[in-house]
Each structure stands twice: as C-alpha cells, then as structure tokens.
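Only one structure is covered here, and it is reproduced in the block below.
Remember, it's a predicted structure, so these values are computed and weren't measured experimentally.
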Amino acid sequence: MKISLPDAEQLYLLLRAQVQQWLQQQSQPAHLVGITSGGQWLAKRLHADLKLPGAPGVLSSSMHRDDFAQRGLASSSANTSLPFEVNGTAILVLDDVLYTGRTVRAVLNELFDYGRPARVQLMVLVDRGGRHLPVCADWAACQLTIPDGVVLELRQDESGRLRFDLQEGK
C-alpha cells in the first residue's frame with residue numbers, strides 16, 4: 001500500500017494561520033504548549049513566527065502514560081515546562097499527529113498537575129483516526145488514513161524544516 005504523505009511545511013502554514021486566529025479570539029491570557037517532541041517543535045516555531053512574548057510551554061506524557069509499566073520513561077529528553085501561570089489561562093495544546101488519544105490523555109493529566117486552566121484546546125498537524133479513547137482535536141490541518149502498525153513521524157532538520165516519515169512496525 002502506497003501512502004502519499006502530506007507536505008508538513010504546508011500543513012504548518014495552515015496551522016500557523018489557525019493559531020493566529022485562535023490567539024485573537026481569546027479574552028483571557030493565552031499560551032501555546034507543545035507535546036514532546038513534534039508538538040514542542042511546532043509550539044517553539046509558532047511562538048517565534050508569531051512574535052509572542054515569553055516562551056512556549058512543553059508537556060511530557062512520560063509520567064502519566066497508561067503503559068508506563070511497559071515503556072518506562074520515554075526516550076525524549078524534554079520534561080514538562082510551563083513558564084507561566086496555568087490557573088485561569090487559555091491553553092492551546094499542539095501536537096504533530098493525533099492517533100489513539102493516549103498521549104493527549106496523559107498530557108492533560110500532567111497539565112492539571114500544574115493548575116486549572118480556564119480552557120484547553122487541541123490543534124494538530126495530522127489526525128490519523130484510530131482512537132482508543134474519546135479524544136478529538138479542535139482543529140487538524142489534515143486527516144490521513146494510515147494502517148495500524150505503521151507510525152507517522154514528524155521530523156525536523158537542522159534548519160527547522162518539517163517533514164513526515166513512515167516507520168513500519170514500531
């Protein structure tokens with residue numbers, strides 16, 4: 001089965017426009033937070049491109065995974081960092097690929113360990129379906145069907161350009 005992968009840079013431009021609109025609609029303080037690692041790349045780049053003050057947040061799912069006993073700590077070196085007050089703010093969680101919903105569930109638990117935001121929304125580059133939990137993105141740049149057992153990964157090169165790769169049987 002040949003899968004045509006979307007252009008990650010084009011999807012990023014769509015996401016950037018949507019995030020800019022989201023920020024303009026907020027009546028309370030609003031912050032971008034990326035899920036490690038692809039969402040973290042997106043949040044950092046969006047923060048710079050949109051010339052936002054401060055720094056974006058990072059959420060790690062490591063400590064709240066429902067498969068922690070099997071996986072242990074994730075290989076990602078990024079830990080949760082929320083350099084702003086969480087209570088009463090609008091939080092936009094960003095991720096590269098939404099699949100089962102388990103990572104989103106884990107990072108929401110992590111986020112609420114830091115406080116009670118007024119509102120949390122989720123935007124992703126790709127929604128590939130296949131949910132195991134009742135989780136959905138408020139906005140996705142693309143919907144893509146990929147067979148089970150195939151992983152869609154966002155990659156970032158040294159210059160910051162984004163691209164997608166497929167990995168079998170991960």
Side-chain angles (χ1 to χ4, degrees), residues 6 8 11-68 73-74 76-144 151-156 160 162 164:
L11 295 182
Y12 172 79
L13 294 175
L14 294 171
L15 178 70
R16 186 177 69 191
Q18 189 65 28
V19 169
Q20 190 167 27
Q21 182 180 5
W22 181 85
L23 287 166
Q24 292 168 349
Q25 295 171 347
Q26 301 312 304
S27 58
Q28 66 263 8
H31 300 281
L32 305 183
V33 177
I35 299 174
T36 59
S37 60
Q40 179 181 1
W41 298 336
L42 295 171
K44 185 177 179 181
R45 186 166 163 190
L46 286 163
H47 210 268
D49 287 355
L50 298 173
K51 297 175 178 34
L52 300 175
V58 177
L59 283 170
S60 170
S61 65
S62 295
M63 299 307 291
H64 289 282
R65 296 281 313 189
D66 59 7
D67 57 356
F68 182 81
L73 284 174
S76 171
S77 61
N79 294 315
T80 294
S81 170
L82 299 171
F84 48 80
E85 176 62 41
V86 170
N87 289 319
T89 63
I91 304 285
L92 181 60
V93 175
L94 298 154
D95 204 8
D96 51 356
V97 179
L98 176 58
Y99 182 32
T100 65
R102 293 183 185 284
T103 298
V104 173
R105 185 212 49 86
V107 299
L108 288 175
N109 285 345
E110 179 79 0
L111 176 62
F112 279 84
D113 284 349
Y114 287 79
R116 187 169 190 258
R119 180 180 193 164
V120 179
Q121 290 184 275
L122 174 65
M123 288 188 192
V124 299
L125 282 183
V126 175
D127 181 344
R128 65 171 281 183
R131 257 8 132 250
H132 295 177
L133 300 172
V135 172
C136 67
D138 293 286
W139 187 86
C142 173
Q143 293 187 349
L144 188 63
V151 176
L152 177 65
E153 291 184 332
L154 184 66
R155 304 278 189 193
Q156 183 181 46
L162 303 170
F164 286 110

Are any of the side-chain heavy atoms of Leu162 and Leu154 separated by less than 4.5 Å? yes
So CG of Leu92 and CE of Met123: to nearest 0.5 Å the spacing works out to 4.5 Å
Determine yes or no for a side-chain-to-main-chain donor-acceptor pair under 3.5 angstrom, with His47 supplying the side chain and Pro53 the backbone. yes
Test item: Asp138 side-chain N/O and Leu122 main-chain N/O as donor-acceptor pair under 3.5 Å: yes
Quick one: closest heavy-atom pair of Trp22 and Leu32, and the distance? CZ3-CD2, 4.5 Å
Is there a donor-acceptor contact under 3.5 Å from the side chain of Arg102 to the main chain of Leu133? no
Side chains of Thr36 and Val58: does their closest heavy-atom pair fall under 4.5 Å? yes
Might you point out which heavy atoms bring Leu42 and Asp95 nearest each other, and give the distance in Å? CD1-O, 3.6 Å
Of all heavy-atom pairs between Arg105 and Asn109, which one has the smallest distance, and what is that distance? NH1-ND2, 2.7 Å
Could Arg155 and Phe164 be counted as a cation-pi pair, given that NZ or CZ must be under 6.0 Å from the ring centre and within 45° of the axis? no
I want to check something: taking the side chain as every heavy atom from C-beta on, are Phe84 and Pro29 in contact at a cut-off of under 4.5 Å? no
OH (Tyr114) and CD (Glu85) are apart, to the nearest 0.5 Å, by 12.5 Å
Under the criterion side-chain contact (heavy atoms from CB on, under 4.5 Å), I'd like the reasoning laid out for Arg128 against Leu98: C-alpha separation, chi angles, the key distance, then a yes or no. CA-CA 6 Å; Arg128 65 171 281 183; Leu98 176 58; over 6 Å; no
Do you know the tightest heavy-atom contact between Leu14 and Ala141? CD1-O, 4.2 Å
Can you confirm whether Asp127 sits close enough to Leu144 that some side-chain heavy atom of one is under 4.5 Å from a side-chain heavy atom of the other? no
Between OG of Ser60 and CD of Glu110, what distance do you get to the nearest 0.5 Å? 6.5 Å
Are any side-chain N or O atoms of Asn87 and backbone N or O atoms of Arg116, one a donor and one an acceptor, separated by less than 3.5 Å? yes
Can you find a pair of side-chain heavy atoms, one from Val124 and one from Asp96, that are under 4.5 Å apart? no
For the pair His132 and Tyr99, name the ring-plane relationship: parallel under 30°, tilted 30 to 60°, perpendicular over 60°. tilted
Please check if the side chain of Gln26 supplies one atom and the backbone of Gln28 the other of a donor-acceptor pair under 3.5 Å. no
Within a strict 4.5 Å, meaning less than it, do heavy atoms of the Val93 and Val104 side chains meet? no
Work out which heavy atom in Ala43 is nearest to a heavy atom in Gly34; give both atom names and the distance. CB-N, 3.6 Å
Does any part of the side chain of Cys142, heavy atoms only, come nearer than 4.5 Å to the side chain of Leu125, both counted from C-beta? no
Does the side chain of Gln18 pick up a donor-acceptor pair with the side chain of Arg16 at under 3.5 Å? no
side-chain contact (heavy atoms from CB on, under 4.5 Å), that's the test. Do Leu59 and Leu82 meet it? Break it down for me. CA-CA 8 Å; Leu59 283 170; Leu82 299 171; 4.3 Å; yes
Do Leu50 and Leu23 have side chains that approach each other closer than 4.5 Å (heavy atoms only, starting at C-beta)? yes
Do Tyr12 and Asp49 have side-chain N/O donor and acceptor atoms under 3.5 Å apart? yes
List the atom of Val135, the atom of Gly101, and the distance in Å for their closest heavy-atom pair. CG2-O, 3.9 Å
Given Leu94 and Leu15, is the side-chain contact (heavy atoms from CB on, under 4.5 Å) satisfied, shown in steps? CA-CA 10 Å; Leu94 298 154; Leu15 178 70; 4.3 Å; yes
